[in-house]
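Here's the structure, in structure tokens; my notes come after.
Just so it is clear: chains get the letters A, B, ... in the order the sequence lines come, proteins before strands, and each one is counted from 1.
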2 protein chains.
Amino acid sequence: MDNPLALKLSSFTDLSGGDLAALDAVIGTPILRDAHSDLIQDGERPEKVILLLRGWACRYKVLEDGSKQIIAYLVPGDLCDPHVFILDAMDHSIGLLTDAALAFISRDAIIHLTDCCPKIARALWWSTLVDEAVLRHWLVNLGQRDAFDRVAHLFCELWDRLRQVGLKEDDELEVPLTQEQIGDTMALTTVHVNRVIQRMRTEGLVSIKRKKIRVHDLPRLRELCGYDPSYLHLRRRSQL
Amino acid sequence: MDNPLALKLSSFTDLSGGDLAALDAVIGTPILRDAHSDLIQDGERPEKVILLLRGWACRYKVLEDGSKQIIAYLVPGDLCDPHVFILDAMDHSIGLLTDAALAFISRDAIIHLTDCCPKIARALWWSTLVDEAVLRHWLVNLGQRDAFDRVAHLFCELWDRLRQVGLKEDDELEVPLTQEQIGDTMALTTVHVNRVIQRMRTEGLVSIKRKKIRVHDLPRLRELCGYDPSYLHLRRRSQL
DNA sequence: AAAGCTTCATGATGCATGTTATTGTGCAAC
DNA sequence: GTTGCACAATAACATGCATCATGAAGCTTT
């Protein structure tokens, strides 16, 4: 299965052959885009729903003073806001972190998909509810945890989410994020992100080489930062 | 109109008489509950959807170390998670901040309501999307703004949301929150919340007396903290 | 009206994290 | 292979907010 959306939804429910075919049908030929371009900008009115097939994107908001907050990551299989048409205008931007392959899905295709495949409709519901749960969890992180725990939580979450779409082998995690982007996510400066990562290194928790994070001691990392993946609402207990 | 849900949804779309009747029908006799009780707790499986008719509630999460983060406020007219049945278990709690009147709505009633009244279905969609937008906005607040701006933003947001359901007269805002709860919301200590409020007072922005906040200079408060209500996606420009 | 509790007010001190600056390192362009 | 650039590493210093402590003010209970 090379359709990452199908893979992701399969981790919620069993999809029939017809469901899988319907999911493949909405994709069409992937559209390629370069890193650092915006898929949609704050204030624009969305015309299509975006499905990320390859690469990474993020939701973010830039304030008047230039400070930037990353609000969510989109990884392969993530579909942004299937019902965004109801709103008038975007209240944040979506930008690409890497080169990417996308499918733009029309409103009508979404409606058709959910009308004819109730299992998919339900799985998409699950997916949007999980997105919201992740957002709540990030809020708790920013509000209540210190720098180390925030960064550790991010690594643990990405670990679980990437495994879900088959993008992680062994104990290596390919995370195409600069320390600045990690800082914009967890509301830290690059300097401090660096301090935290140094500490993780010296404590033998992770090693990072060219944007590949090798986690040496996942159980300990999880325990140190109090990570509990239940907010991801993964249905199937997949193997560690 | 004394149905706050109908009032709130009306700020998104015009509802027919039949729609309004359907919204009234799901309410039944209100259930009264005392302040400080939990409507549902972290880890529980939800059986009903909760509609808040009178009083205030909040979503919150308590960490192992006892620290608490308030994730959202529910005010009259707010309906929590119409599709929460899809998830297995709550990943946070919902607690009452004041005495309250509630309607518990069954899953079937929700399904029936949305099946037979497409305008309501759409308006509920809008409402959940707005809830999510508020959550994103809070994340940006916690990540990028200082204590003063965070508290000011909260006041501005509550102003707009309460006006939407007809709970605000003149320039007075009845907000039944202690400084500790404001702190748990905006990730500040009570001490620092107090300092911020003192500053607002001495600058002539607000005066607070027995949990009623009188805002003397809303335009200036908004400007000082960079408030932009577009994230609330209010359709109708109501009068200030 | 005293006692007890919750909430608010305010000062002294410390720390986690921000700010500014400098240097190193690896990759890309030419 | 030199230049330039993005990213990472690290040091010195600054600060917003937390922590700890104390007291006052207002309610509730008895």
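A salt bridge does not link B:R45 to B:D88: none of the charged nitrogens lies less than 4.0 Å from a carboxylate oxygen.
Contact annotation: side chain of B:R195 to base of D:dG16, donor-acceptor pair absent below 3.5 Å.
Atom CZ in B:R201 sits roughly 8 Å away from atom P in C:dT10 (whole-Å rounding). Atom CG of B:D149 and atom C1' of D:dC17 are 15 Å apart (whole Å). Whole-Å rounding puts the A:D65 CG to C:dG18 P distance at 14 Å. Rounded to whole angstrom, the span from the CE atom of A:M186 across to the P atom of C:dA16 amounts to 20 Å. What separates CD1 of B:I208 from C1' of D:dG26 is a distance of 16 Å, to the nearest Å. Counting to the nearest Å, the C1' atom of D:dG16 and the CD atom of B:Q198 are 18 Å from each other. Taking atom CD1 on B:I213 and atom P on C:dC8, their separation rounds to 11 Å, with Å as the unit. Atom CD of B:Q181 and atom C1' of C:dT6 are 12 Å apart (whole Å).
Relative to the side chain of B:A147, the nucleotides C:dT17, D:dC17, C:dA9 differ in distance, and D:dC17 lies closest. Here the side chain of B:T178 is nearest to one of C:dT7, C:dT17, C:dG18, namely C:dT7. Nearest nucleotide to the side chain of B:V191, out of D:dA18, D:dT10, C:dG11: C:dG11.
The aromatic ring centres of A:H92 and B:H137 sit 6.0 Å or more apart.
The side chain of B:N194 places no N or O atom within less than 4.0 Å of a non-bridging phosphate oxygen (OP1 or OP2) of C:dC8. Between B:Q179 and C:dA9 there is a side-chain polar atom (N or O) within less than 4.0 angstrom of OP1 or OP2.
Put simply, the side chain of B:R54 never gets that close to the backbone of B:A100: no donor and acceptor are under 3.5 Å apart.
Heavy atoms of B:I197 sit nowhere under 4.0 angstrom from any nucleic acid atom.
Judged by closest nucleotide on DNA chain C, B:H36 is the one of B:T190 and B:H36 placed further toward the 5' end.
Side-chain polar atoms of B:T185 and B:Y60 form no donor-acceptor pair below 3.5 angstrom.
Remark: A:R199 is positioned above the aromatic ring of A:F148, its terminal NZ or CZ atom under 6.0 angstrom from the ring centre and at most 45 degrees off the axis.
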